[in-house]
A.B. asks: 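Sharing a structure with you now.
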Amino acid sequence: MLTINLIRENSEFVINRLKVKNFNAEEIIVKILELDAQRRELQVKSDQLQSEMNRLSKEIGSLMKDGRKEEAEAAKKLTYSLKEEIKALTDRLPAVDSELRNELVRLPNLPYEKVAPGKSADDNVIIRQGGAAAALPENALPHWDLIRKYDIIDFELGIKLTGAGFPVYKGRGAKLQRALISFFLDRGESAGYREIMPPIVVNEDSGFGTGQLPDKEGQMYHVTVDNFYLIPTAEVPVTNIYRDIILNAEELPVKNIAYTPCFRREAGSWGAHVRGLNRLHQFDKVEIVQIAHPDNSYTALEEMVNHVESLVAALGLPYRILRLCGGDMSFTSAMTYDFEVWSAAQKRWLEVSSTSNFESFQANRLKCRFKEKGEKQTRLVHTLNGSALALPRIVAAILENNQTEAGIRIPDALKTYTGFDIIN
RNA sequence: GGAGAGAUGGCCGAGUGGUCGAAGGCGCUCGCCUGCUAAGCGAGUGUUGGGCGAAAGCUCAACCGAGGGUUCAAAUCCCUCUCUCUCCGCCA
């Protein structure tokens, strides 16, 4: 959510920046400014009346004390009409407030100055590439055939237990999952992240805090009896730790890392091109989250990108890093880097990480602020997060790119975690 | 799940209808003093939304778990909810 102050003071700037995201904000902003003026007018009036009311009440108090009953009664009569006037004004306030908020949440985050305009994924900018594509034999198999061949991931069994998109990992397939999780967490710890193990169901407030609610309600599994939601990403609980919190500037940056299973209903997005591990309802992911000082958040973003890159590189996967154009960026992001790994057997790029700076967009909703030493004023922090990394597509790429006659080679960096060097 | 107690500022803790945004203590910040890992003295120290101001600042309103009610007036009385603690039950 953008701050009302920014819109009030710089509406032209906001409109122009949102054009980079192909978003026409003019109409909404006109409405916002109107509602904001209405809200303030109501507040000024009711504050004035309230002030008068408080003055009278105090007067009545001291009159009663002095035993001047009649004068007190006279003053009481004055309050009756005041009271009604105040009520008339304050009754209107919640409606205006919520209408204003409803408009505010419709505005996407402003893209950072470096973000290129563009309509679709075709306009994304390739920042870097790395890793060599493996030369595979003609009969190379896609991962959905490999997992059957070696009996390491079982979709049919998952359907029996739960439903489509809930695979069962078996034997070395399960061990590979555990190895990747530990590897990612350990690398994060070395990079200064504190490990968090959060709940994987959250309440409604948390859903609102990170913006999953009310918009993406249908994307989350909802535990209706208790009104809890299964998390779609660790970002939700880990970022909500800082909901309604005021940090000291010296505490920044806060760097947390968490492994959690993630649950996504993916309603409506199921299709032929999402076979196998490409899209699941339940998957594992290690997420890095930073709370940064606004002056340093882009340095933090670069640092996170470098960290994610080091992971992909350590696994020996061919990858590329894209800076998303305005049109391909998410609603909440100010700047996003996507990581893709090359899937040799599918002959396509698979997105394995999305690393973004949200600037103060999330923080405004979360009410996460910080205070500079010695200053009275609070300011919104900047929040950032990124996958480091999501497992399924990494597994898919490892399986496909590392297939040999003898079996699937485990990347060197993982061997100490798996305890074996081949799946056969 | 059953019974009881409670929820006040960063923390502890007073406050049961009026001058309480809230005593006192701790902590923290600044200043003074003192020469020995510390003490003493003084001052300051919540959040949010407005108004005025170039700014420092001044000022108004709201907030004592949340929401509602009674009253001229509520931290204080009433109702609902949430959470915490203790005991019992169940249990990885």
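Below, chains carry the letters A, B, ... as their sequence lines are ordered, and counting in each starts from 1. Since the structure is predicted, the reported quantities are computational estimates derived from the model, not experimental observations.
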A.B. asks: Could you give the CG-to-P distance, from Asp205(A) to C83(B), as a whole number of Å?
C.D. replies: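 Rounding to the nearest Å, CG of Asp205(A) and P of C83(B) are 12 Å apart.
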A.B. asks: Find the distance between CG (Leu100(A)) and CD1 (Ile7(A)) and round it off to the nearest 0.5 Å.
C.D. replies: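 With rounding to 0.5 Å, CG (Leu100(A)) is 8.0 Å from CD1 (Ile7(A)).
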A.B. asks: Closer than 4.0 Å, any side-chain N/O of Lys76(A) to the OP1 or OP2 of A73(B)?
C.D. replies: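 Checking Lys76(A) against A73(B): no side-chain N or O falls below 4.0 Å of OP1 or OP2.
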A.B. asks: For G46(B), does OP1 or OP2 lie under 4.0 Å from any side-chain N or O of Thr378(A)?
C.D. replies: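 Result: no.
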A.B. asks: Counting only Watson-Crick or G-U wobble pairs whose two distances fall under 3.5 Å, which nucleotide matches U37(B)?
C.D. replies: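 When the pairing criteria are applied, nothing turns out to pair with U37(B), so the answer is none.
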A.B. asks: What integer distance in Å separates Glu204(A):CD from U82(B):C1'?
C.D. replies: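 To the nearest whole Å, that distance equals 13 Å.
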A.B. asks: Between C11(B) and G68(B), how many Å separate the two P atoms, rounded to a whole number?
C.D. replies: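 So the two P atoms sit 25 Å from each other.
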A.B. asks: For Gly407(A) and Asn424(A), work out which heavy atoms get closest and say how close.
C.D. replies: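 That closest heavy-atom pairing would be CA-CB, 4.3 Å.
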A.B. asks: Given the P atoms of U29(B) and G6(B), what is the spacing between them in whole Å?
C.D. replies: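 Pairwise P distance, U29(B) against G6(B), rounds to 37 Å.
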A.B. asks: If we take the P atom in both U8(B) and G13(B), what is their distance in whole Å?
C.D. replies: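 9 Å, rounded to whole Å.
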A.B. asks: What is the pairing partner of G89(B), taking Watson-Crick or G-U wobble pairs with both distances under 3.5 Å in any strand?
C.D. replies: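 Across all strands, not a single nucleotide pairs with G89(B).
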A.B. asks: Quick check on side-chain hydrogen bond (donor to acceptor under 3.5 Å, both in side chains): which of Arg187(A), Gln290(A), Glu287(A) does Tyr193(A) satisfy it with?
C.D. replies: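 Running side-chain hydrogen bond (donor to acceptor under 3.5 Å, both in side chains) over Arg187(A), Gln290(A), Glu287(A) with Tyr193(A) returns exactly one hit, Gln290(A).
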A.B. asks: Name the nucleic acid region contacted by Thr79(A), choosing base, sugar-phosphate or nothing; use a 4.0 angstrom heavy-atom cut-off, strictly under.
C.D. replies: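 Contact class for Thr79(A): sugar-phosphate only.
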A.B. asks: In whole Å, measure the gap between the C1' atoms of G69(B) and G57(B) for me.
C.D. replies: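 Each nucleotide's C1' atom is 40 Å from the other's.
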A.B. asks: Check for me whether Arg172(A) meets the cation-pi criterion with Phe420(A), that is, NZ or CZ under 6.0 Å from the six-membered ring centre and within 45 degrees of the ring axis.
C.D. replies: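 Yes, Arg172(A) sits over the ring of Phe420(A).
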A.B. asks: Using whole Å, what does the distance between atom P of nucleotide G46(B) and atom CD of Gln377(A) come to?
C.D. replies: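 These atoms are roughly 15 Å apart.
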A.B. asks: Between C64(B) and A7(B), how many Å separate the two C1' atoms, rounded to a whole number?
C.D. replies: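 Pairwise C1' distance, C64(B) against A7(B), rounds to 10 Å.
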A.B. asks: Taking NZ, NE, NH1 and NH2 as the nitrogens, is one of them in Glu59(A) or Arg55(A) under 4.0 Å from a carboxylate oxygen of the other?
C.D. replies: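 So Glu59(A) pairs with Arg55(A) through a salt bridge.
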A.B. asks: Could you let me know what A73(B) is paired to, Watson-Crick or G-U wobble, both distances under 3.5 Å, or none if it's on its own?
C.D. replies: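 WC or wobble partner does not exist here.
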A.B. asks: Please give, in whole Å, the distance from G9(B) C1' to Lys371(A) NZ?
C.D. replies: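 Taking NZ of Lys371(A) and C1' of G9(B), I get 12 Å after rounding.
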A.B. asks: Which whole-number value in Å describes the distance from Leu78(A) CG to C72(B) P?
C.D. replies: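 Checked: the CG to P distance equals 13 Å.
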A.B. asks: Just list the side-chain donor-acceptor pairs under 3.5 Å for residues 245-252 of chain A, sequence neighbours left out, or say none.
C.D. replies:
unit_1, atom_1, unit_2, atom_2, d
Asn248(A), ND2, Glu251(A), OE2, 3.4
Glu251(A), OE2, Asn248(A), N, 2.7

A.B. asks: With a 3.5 angstrom cut-off on both distances, give the Watson-Crick or G-U wobble partner of A61(B), or none if there isn't one.
C.D. replies: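 Result: U48(B).
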A.B. asks: For a side-chain contact (heavy atoms from CB on, under 4.5 Å) with Leu230(A), tell me which candidate from Val223(A), Val202(A), Ile200(A) qualifies.
C.D. replies: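 The residue from Val223(A), Val202(A), Ile200(A) that satisfies side-chain contact (heavy atoms from CB on, under 4.5 Å) with Leu230(A) turns out to be Val223(A).
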A.B. asks: Any N/O pairs under 3.5 Å between the protein and nucleotides 10-12 of chain B? List them or say none.
C.D. replies:
none

A.B. asks: Any strand counts, and the cut-off is 3.5 Å on both contacts for Watson-Crick or G-U wobble. Which nucleotide pairs with C20(B)?
C.D. replies: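 With both distances under 3.5 Å required, C20(B) matches none.
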A.B. asks: How far, in whole Å, is U86(B) from A62(B) if one measures between their P atoms?
C.D. replies: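 Those two atoms are separated by 38 Å.
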A.B. asks: Of all residues at least two apart in sequence or in a different chain, which pass the side chain to side chain contact (heavy atoms under 4.5 Å, CB included) check with Gln282(A)?
C.D. replies: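 By the side chain to side chain contact (heavy atoms under 4.5 Å, CB included) rule, Gln282(A) matches Phe166(A), Pro261(A), Phe263(A).
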A.B. asks: Taking atom CD1 of Ile181(A) and atom OH of Tyr259(A), what is their separation to the nearest 0.5 Å?
C.D. replies: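 Rounded to the nearest 0.5 Å, the CD1-OH separation comes to 4.0 Å.
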A.B. asks: Quickly work out the Glu84(A) CD to U71(B) C1' distance and round it to whole Å.
C.D. replies: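 So the CD-C1' distance, Glu84(A) to U71(B), works out to 15 Å.
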A.B. asks: Counting primed atoms plus P, OP1 and OP2 as sugar-phosphate and everything else as base, spell out the protein contacts along nucleotides 50-65 of chain B at 4.0 Å heavy-atom distance: B, S or - for each nucleotide, 5' to 3'.
C.D. replies: SS--------BSS---
A.B. asks: To the nearest angstrom, how far is Lys87(A) atom NZ from C72(B) atom P?
C.D. replies: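 Distance check: Lys87(A) NZ to C72(B) P gives 15 Å.
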A.B. asks: I'd like the C1' distance from U71(B) over to U16(B), given in whole Å.
C.D. replies: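 Result for the C1' pair: 16 Å, nearest Å.
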A.B. asks: Applying the Watson-Crick and G-U wobble criteria at under 3.5 Å, what pairs with C30(B)? Answer none if nothing qualifies.
C.D. replies: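 G42(B) is the nucleotide pairing with C30(B).
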A.B. asks: Could you pull out the closest heavy-atom pair between Arg409(A) and Asn401(A), with the gap in Å?
C.D. replies: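 Scanning both residues completely, I find the closest heavy atoms to be NH2-O, 4.4 Å.
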A.B. asks: Treating primed atoms plus P, OP1 and OP2 as sugar-phosphate and everything else as base, which nucleotides of nucleotides 26-31 of chain B get B, S or - for protein heavy atoms under 4.0 Å?
C.D. replies: ------
A.B. asks: Judged by each residue's nearest nucleotide on RNA chain B, which is more toward the 5′ side, Ile60(A) or Ile246(A)?
C.D. replies: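 The residue whose closest nucleotide sits nearer the 5' end is Ile246(A).
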A.B. asks: Taking atom P in both G44(B) and C58(B), compute the distance separating them and give it to the nearest angstrom.
C.D. replies: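 Rounded to whole Å, the distance is 13 Å.
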A.B. asks: Output the rounded distance in Å from NZ (Lys77(A)) to C1' (C72(B)).
C.D. replies: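 Spelled out: NZ on Lys77(A) to C1' on C72(B) is 12 Å.
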A.B. asks: With the threshold set at 4.0 Å, does a side-chain nitrogen-carboxylate oxygen contact exist between Arg148(A) and Asp145(A)?
C.D. replies: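 Not counted as a salt bridge, because no side-chain N and carboxylate O are separated by less than 4.0 Å.
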A.B. asks: By the definition side-chain contact (heavy atoms from CB on, under 4.5 Å), identify the one residue from Ile408(A), Ile152(A), Asn278(A) that meets it with His143(A).
C.D. replies: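 Answer after filtering Ile408(A), Ile152(A), Asn278(A): Asn278(A).
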A.B. asks: Of all residues at least two apart in sequence or in a different chain, which pass the side chain to side chain contact (heavy atoms under 4.5 Å, CB included) check with Asp186(A)?
C.D. replies: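 For Asp186(A) the side chain to side chain contact (heavy atoms under 4.5 Å, CB included) partners, ignoring immediate neighbours, are Glu189(A), Tyr417(A).
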A.B. asks: How close do Ala334(A) and Tyr298(A) get, counting heavy atoms only, and between which atoms?
C.D. replies: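 Where Ala334(A) meets Tyr298(A) most closely, the heavy atoms are CB-OH, 3.5 Å.
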A.B. asks: Both distances under 3.5 Å, Watson-Crick or G-U wobble: report the partner of G6(B), or none.
C.D. replies: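 Check on G6(B): paired to C83(B), both distances under 3.5 Å.
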A.B. asks: Quick one: look up who G53(B) pairs with, Watson-Crick or G-U, both distances under 3.5 Å, and put none if it's unpaired.
C.D. replies: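 None - no nucleotide pairs with G53(B), as no candidate has both distances under 3.5 Å.
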